[in-house]
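Keep in mind that this is a model prediction, so the values were computed, not measured. Every chain is numbered from 1 and lettered A, B, ... according to where its sequence line falls, protein lines coming before strand lines.
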Number of protein chains: 2
Amino acid sequence: MTKGVPDEGQTRARPTMREVAALAGVSVKTVSRVINAEPGVSAELSSRVNSAVERLDYRHNLTASSLRRADGKSATIGVVLEYIANPFDSMLHRAIEDLALTRGVLVLAGSLEESETRERELIAALASRRVDGLVIMPASHDHSYLLTERRAGTPMVFVDRPPAFLDADTVLTDNADGVRRGIRHLVSYGHRRIGYLGDLQTITTAALRYQGYLEELVAQGIPGDERLTRLNLRGTERAEAATLDLLSKQPPPTALFAGQNLLTIGAYQALRRLGIHHKIALVGFDDVPLGDLLEPGITVMAQDPAAMGRAAAELLFRRLDGDRSPSVHRVIATRLIARGSGEIRP
Amino acid sequence: MTKGVPDEGQTRARPTMREVAALAGVSVKTVSRVINAEPGVSAELSSRVNSAVERLDYRHNLTASSLRRADGKSATIGVVLEYIANPFDSMLHRAIEDLALTRGVLVLAGSLEESETRERELIAALASRRVDGLVIMPASHDHSYLLTERRAGTPMVFVDRPPAFLDADTVLTDNADGVRRGIRHLVSYGHRRIGYLGDLQTITTAALRYQGYLEELVAQGIPGDERLTRLNLRGTERAEAATLDLLSKQPPPTALFAGQNLLTIGAYQALRRLGIHHKIALVGFDDVPLGDLLEPGITVMAQDPAAMGRAAAELLFRRLDGDRSPSVHRVIATRLIARGSGEIRP
DNA sequence: TGCTAGGTTGACAACGTTGTCATCCCCGGG
DNA sequence: CCCGGGGATGACAACGTTGTCAACCTAGCA
């Protein structure tokens, strides 16, 4: 590593096509043609331009280019996530990036953290930068404000949660079905008293999952018991406390279903604390990292964020390629991963 | 959700300042002044412009703006990561986003997956979009190619791994020191035969960590034993196999140090498989999600990606604000988190 | 030889915005 | 009453690029 101040030498403005043209002895338009690999430039001029580009370290200015271009495309898309650092979200992000990569498209991403205000601000900021398309995991419950973007020709795909008051492509997990299969799994092991831990009911997916729980109880002819349900839990600690509370009631549940990642962890911790993690069954929704290293391993209904991201990106790019057919709604199935905690009998 | 094709109504081009100006009966320049909240516009015109903006759903075009603007700032920065979906990377990403948010700056992020080619391509793509600054977790070992960007006035901060042949701000984990403290911890519990599992030696941090291991052995007067070392491991499975192999040698180590996240998990799995996870000590570098739920919990030297991201963003924005002082090199300490696996005596 | 078709090349305008500067108007002071 | 100054407003050019179109050149054919 050499020593010195970060900008050794003076700050020199980036060279433009004008300068490249001057050095190569051609017109700017010819430089533009070479840069964009348009046909119809003689080998002679082409190589002169290329060496001038090399010599000046010219970097194409995509900003100016997309401003002038007929289609106005910026080769950039926006991805709006709940929280970038969530394993689920970052996996989704990664899957989108992977497909974008093959098209030379970059990804602008941001977190909402359940703030509706932030959702509008972030999308406005993305629109200001004229992204070509949007993948949105929404926090708000009214997306009519997006009609403007839609009319401006910006395609958008909703992931994980559906849009409200707006028709658009969606890629969703089969939430209710996933929970129902999880409950069925527990019932098949002989459970009848199954507790439920749920996230904020304002989150669409959380509401759908709880719905699935209720539906499956009815389907199984199990009477509902409000004392077995704890909703609007946020984070591991709340879930742990709620679980401890739930288990102190008489008669306690013989199994638990946790409607979300962090709640599953909280519930597991509570069971461990009470020393009954080998006695009370537990199934969680959404996979838990390292769930298989635990003893017992945590049984989950796993979502497939990579598949969701891939599907969302595919839909988005299809729209960018001009597809105008009616909105598509993809449902990605959950997968039961039995690791032990869900296979405990009462 | 309403029914219909995604673009109900025709695709209508976005309104421009020209149209806003026409509707408000003022000049474009006045619209520009209002949009940018420049002083010196009468309340009368200001409100006429604002209602025209409202009526037309005008969205400022930051692309055109930054093209014309004197400073040429795009209010966008680039973040180059090893793999976006890694918990470490996504935490770092998030911390940067958090600070960027307060300045109205958006983040373009991408993954390298250890590809030097990809590093150059991605950074070129970011430079094309005229990002205001870069945070880079590099894969390559020669960054002299970045001198062009540097000269063009793009500040850059390297995180997690240092640049080569280029002087720039850095934010690094104290790798060697972290490993040395981890080894010392094992020694303090009576271990003398300590195995080491390391990632690709081409990765700078991996090399530094191994260095720390060797140094601490010397400092402790423990003779090195090549049979206790397995380097260039990639991923959980390789680490698991290497651990099984390592333990089959006579005499086997009484403790293991794993130089990376996935290797720690692989080693733990191997110990579990052999049923000796309560007999052989294990310390890992970098935290393992849910490491505290395991039995025994996994003892680690934890890095602090959030602090690193924050530091990197602070440095970058300080440069963006005009700071031209010599490069700064921040070192973020690791933290020993004792959870059980590292506190087993031989 | 003359003419045309086709392929190269470049001059110029335009994309949507902001910097510069001129103009205009009003108010206050001489 | 006139003039100067300052604040509000707008006309115009420019940012770096690409679309359009005209000019030019060469080869091929009548």
dT17(D) C1' sits how many Å from N61(A) CG, rounded?
8 Å
Side chains of M308(B) and R330(B): closer than 4.5 Å at any heavy-atom pair?
no
Close side-chain approach of T63(A) and S74(B), heavy atoms under 4.5 Å
no
If you assign each of G40(B) and R69(B) to its closest nucleotide in DNA chain D, which residue comes earlier from the 5' end?
G40(B)
Are R48(A) and E44(A) ion-paired here, with the side-chain N under 4.0 Å from a carboxylate O?
yes
In this structure, are over 12 heavy atoms from other groups packed under 6.0 Å from R103(A) atom CZ?
yes
Examine dT9(D): is either OP1 or OP2 under 4.0 Å from a nitrogen or oxygen in the side chain of S27(B)? Give yes or no.
no
Quick one: label L45(B) by what it contacts on the DNA or RNA (base, sugar-phosphate, nothing), any heavy atom closer than 4.0 Å.
sugar-phosphate
K29(A) atom NZ is separated from dA23(D) atom C1', nearest whole Å, by 16 Å
Does dT18(C) have OP1 or OP2 under 4.0 Å away from a side-chain N or O of N36(B)?
yes
How many Å lie between NZ on K73(A) and P on dG16(C), as a whole number?
14 Å
Just compare dG16(C), dT18(D), dA11(D) and give me whichever is closest to any side-chain atom of A64(B).
dG16(C)
Can H60(B) and S128(A) be counted as having a side-chain donor-acceptor contact under 3.5 angstrom?
no
In whole Å, I'd like the distance from the CZ atom of R14(A) to the P atom of dT17(D).
11 Å
Dot-bracket notation for DNA chain C is requested: 5' to 3', Watson-Crick or G-U wobble pairs only, both distances under 3.5 Å, with ( ), [ ], | and . as defined.
||||||||||||||||||||||||||||||
Are any of the side-chain heavy atoms of L166(A) and S144(A) separated by less than 4.5 Å?
no
Within this structure, what is the CZ-to-C1' distance between R18(B) and dA14(C), rounded to whole angstrom?
10 Å
R68(A) has an atom CZ; how far is it from atom P of dC12(C), in whole Å?
16 Å
Rounded to the Å, how far apart are I35(A) CD1 and dT18(D) P?
8 Å
N or O in side chain of T16(A) less than 4.0 angstrom from dG16(D) OP1/OP2
no
More 5' along DNA chain D: L67(B) or V26(B), using each one's nearest nucleotide?
V26(B)
Answer yes or no: is there a side-chain heavy-atom contact under 4.5 Å between R130(A) and N61(B)?
yes
Is there a side-chain contact between S32(B) and the phosphate of dT18(C), meaning an N or O under 4.0 Å from OP1 or OP2?
yes
Does T30(B) put a side-chain nitrogen or oxygen below 4.0 Å from OP1 or OP2 of dA8(D)?
no
Please report the C-alpha distance between T76(B) and R129(B) in whole Å, then the side-chain angles of each, then the deciding distance to 0.1 Å, and finally whether the side-chain hydrogen bond (donor to acceptor under 3.5 Å, both in side chains) criterion is met.
CA-CA 9 Å; T76(B) 307; R129(B) 285 165 181 78; over 6 Å; no
Side chain R33(B) and base dG19(C) donor-acceptor under 3.5 Å
no
If only side-chain N and O atoms of S65(A) are considered, is one of them under 4.0 Å from the OP1 or OP2 phosphate oxygen of dT18(D)?
yes
Rounded to whole Å, the CD-C1' distance (E38(A) to dG19(D)) equals 9 Å
